[in-house]
Number of protein chains: 2
Amino acid sequence: MPKVGMEPIRRQQLIKATMEAIDEVGLAEATVIQIARRAGVSAGIISHYFGGKNGLLEATMRQILTDLNNAVAARRKALEDDTPRAHIGAIIEGNFDRTQVTGPAAKTWLAFWASSMHKPLLQRLQYVNDRRLYANLCYQFQRVMPRRDAKNAAHGLAAMIDGLWLRGALAPEGLDAAEARYLAHTYLDQLLRHHGCHQSASTTPTY
Amino acid sequence: MPKVGMEPIRRQQLIKATMEAIDEVGLAEATVIQIARRAGVSAGIISHYFGGKNGLLEATMRQILTDLNNAVAARRKALEDDTPRAHIGAIIEGNFDRTQVTGPAAKTWLAFWASSMHKPLLQRLQYVNDRRLYANLCYQFQRVMPRRDAKNAAHGLAAMIDGLWLRGALAPEGLDAAEARYLAHTYLDQLLRHHGCHQSASTTPTY
DNA sequence: TTTTATTGATTGAACGTTCAATAAAAAAAT
DNA sequence: ATTTTTTTATTGAACGTTCAATCAATAAAA
């Protein structure tokens with residue numbers, strides 16, 4: 001089986017297996033043997049490619065954050081109009097992307113978020129990512145409202161998005177993505193309505 | 001030191017020590033020895049009073065949920081007017097009670113929430129509690145809007161509250177309770193504004 | 001033949017639980 | 001009021017288990 005150039009393949013396999021393991025049995029019981037078995041490899045290979053279990057967990061969190069950013073960035077690039085409403089709407093849509101919200105990614109995301117409270121490295125990853133999202137929201141809101149209001153709006157919308165994620169990850173029936181998007185977009189409309197930017201919500205399709 | 005009637009004292013000491021341990025080092029590293037040392041007792045006593053570590057963790061989660069419910073119930077009982085706006089406002093205030101939002105309780109709450117994803121017993125506790133909050137919100141919203149709208153409003157406000165908690169527990173500077181309450185109350189006002197119930201937000205003091 | 005990839009038994013550390021021993025208070029007996 | 005007995009509370013060393021990491025051995029490709 002050993003061929004050359006296995007590294008990127010194995011890394012992807014192991015990261016995927018890590019998400020699946022966390023999704024099914026939780027972070028606490030996701031042992032290296034569990035993960036390795038899911039990936040169809042030996043346990044020792046994890047230390048070989050990631051330097052240890054911690055390295056694998058860090059890489060997995062990076063993957064999730066990258067995927068989330070890509071989902072947002074892709075939708076923002078595809079925008080036809082440059083209004084704040086459109087940009088922020090795209091951020092909402094990216095955050096409730098199907099590939100993010102269903103399957104292993106959702107529970108893994110929450111598990112890492114909780115875990116990052118006491119692991120400086122994960123905390124830094126999460127913090128940097130969160131600040132970028134917040135800065136983007138703030139910038140777009142500031143185009144149509146004063147700075148103070150924009151900050152509040154950004155905090156509120158970020159909390160709404162995270163809250164919907166959180167409850168979706170915990171609900172036995174999973175997240176109702178359609179309802180989550182509706183609630184987030186409606187909230188966004190309400191935030192904008194008070195500042196004279198009556199861009200219609202109908203620029204965002206199907207929710 | 002052994003006197004009679006130690007049980008309730010020790011139980012309280014250990015539950016408090018558990019929250020402190022989770023707050024400082026996280027659930028994963030909160031060992032029985034850690035917790036026992038903080039409480040100033042031996043490790044064996046945990047099994048004696050709680051039947052094991054799991055029993056202690058369950059009791060700690062029950063305590064947090066009970067405290068949260070009490071904070072809400074107290075504010076609802078103290079209400080002078082019976083409007084939906086007042087009741088839901090009291091629910092918001094209870095959720096951002098100082099004793100809940102600062103100190104060890106916040107991080108412990110999030111840690112258990114994440115942990116409950118894969119522990120049926122904790123999941124059940126969290127689920128029952130969440131349904132009660134949701135049912136209360138739904139009932140109050142239904143007094144001033146149709147059933148469908150009320151359900152959406154309840155989901156949205158619950159997500160907002162949880163999202164603010166979540167971000168507060170993770171933020172390095174902790175939760176800004178004043179801002180969180182402002183955002184939640186403002187969102188509530190917006191939800192009610194569309195249904196002809198123009199009860200002023202000023203019935204709720206100081207935010 | 002050399003290089004690269006992989007295995008899996010072994011090791012050592014850490015954890016929760018157990019339980020015989022202990023010590024203090026309470027109750028009973030003198 | 002002492003002393004003795006019983007009860008209750010607590011300890012902490014020992015035990016068995018589980019886990020991540022290691023590394024010599026192995027096997028396939030180059």
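A note on names: the letters A, B, ... follow the listed sequences, proteins ahead of strands, and every chain is numbered from 1.
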S.K.: Are the side chain of A:Ser115 and the backbone N or O of A:Ala111 linked by a donor-acceptor pair below 3.5 Å?
M.R.: no

S.K.: Please give me every residue in residues 28-49 of chain B whose heavy atoms get under 4.0 Å of an atom in DNA chain D, ordered by residue number.
M.R.: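 When residues 28-49 of chain B is checked for heavy atoms under 4.0 Å from DNA chain D, the hits, listed by number, are B:Val41, B:Ser42, B:Gly44, B:Ile45, B:His48, B:Tyr49.
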
S.K.: Do the side chain of B:Trp109 and the main chain of B:Leu166 share a donor and acceptor less than 3.5 angstrom apart?
M.R.: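 Answer holds: no.
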
S.K.: Provide, to the nearest angstrom, the distance between the CE atom belonging to A:Met6 and the P atom belonging to C:dT4.
M.R.: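 In whole Å, C:dT4 P and A:Met6 CE are 14 Å from each other.
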
S.K.: Could you tell me how far apart B:Asn54 (CG) and C:dT17 (P) are, to the nearest whole angstrom?
M.R.: 7 Å

S.K.: Return the minimal non-hydrogen interatomic distance between A:Asp81 and A:Ala86, and the atom names on each side.
M.R.: OD1-CB, 3.4 Å

S.K.: Check the distance between D:dT10's P and B:Gln13's CD and give it to me in whole angstrom.
M.R.: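 Taking CD of B:Gln13 and P of D:dT10, I get 9 Å after rounding.
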
S.K.: For the residue pair A:Tyr134 and A:His155, categorise the inter-ring angle as parallel (less than 30°), tilted (30 to 60°) or perpendicular (more than 60°).
M.R.: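 The arrangement is parallel - the two ring planes meet at less than 30°.
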
S.K.: Looking at A:Asp162 and A:Arg167, does any basic side-chain N land under 4.0 Å from a carboxylate oxygen?
M.R.: no

S.K.: Between C:dC15 atom C1' and B:Leu56 atom CG, what is the distance in whole Å?
M.R.: 15 Å

S.K.: Take the protein atom CD of B:Glu7 and the nucleotide atom P of D:dA9, then report the distance between them rounded to whole Å.
M.R.: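 Spelled out: CD on B:Glu7 to P on D:dA9 is 8 Å.
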
S.K.: Could you identify the nucleotide paired to C:dT2, looking across every strand shown and requiring Watson-Crick or G-U wobble geometry with both distances under 3.5 Å?
M.R.: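 Looking at the geometry, C:dT2 pairs with D:dA29.
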
S.K.: Whole angstroms only, please: what is the CG-C1' distance between B:Leu14 and D:dA9?
M.R.: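 In whole Å, D:dA9 C1' lies 13 Å from B:Leu14 CG.
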
S.K.: Which whole-number value in Å describes the distance from A:Arg10 CZ to C:dA5 C1'?
M.R.: 8 Å

S.K.: Is the distance between the ring centroids of B:His87 and B:Tyr139 less than 6.0 Å?
M.R.: no

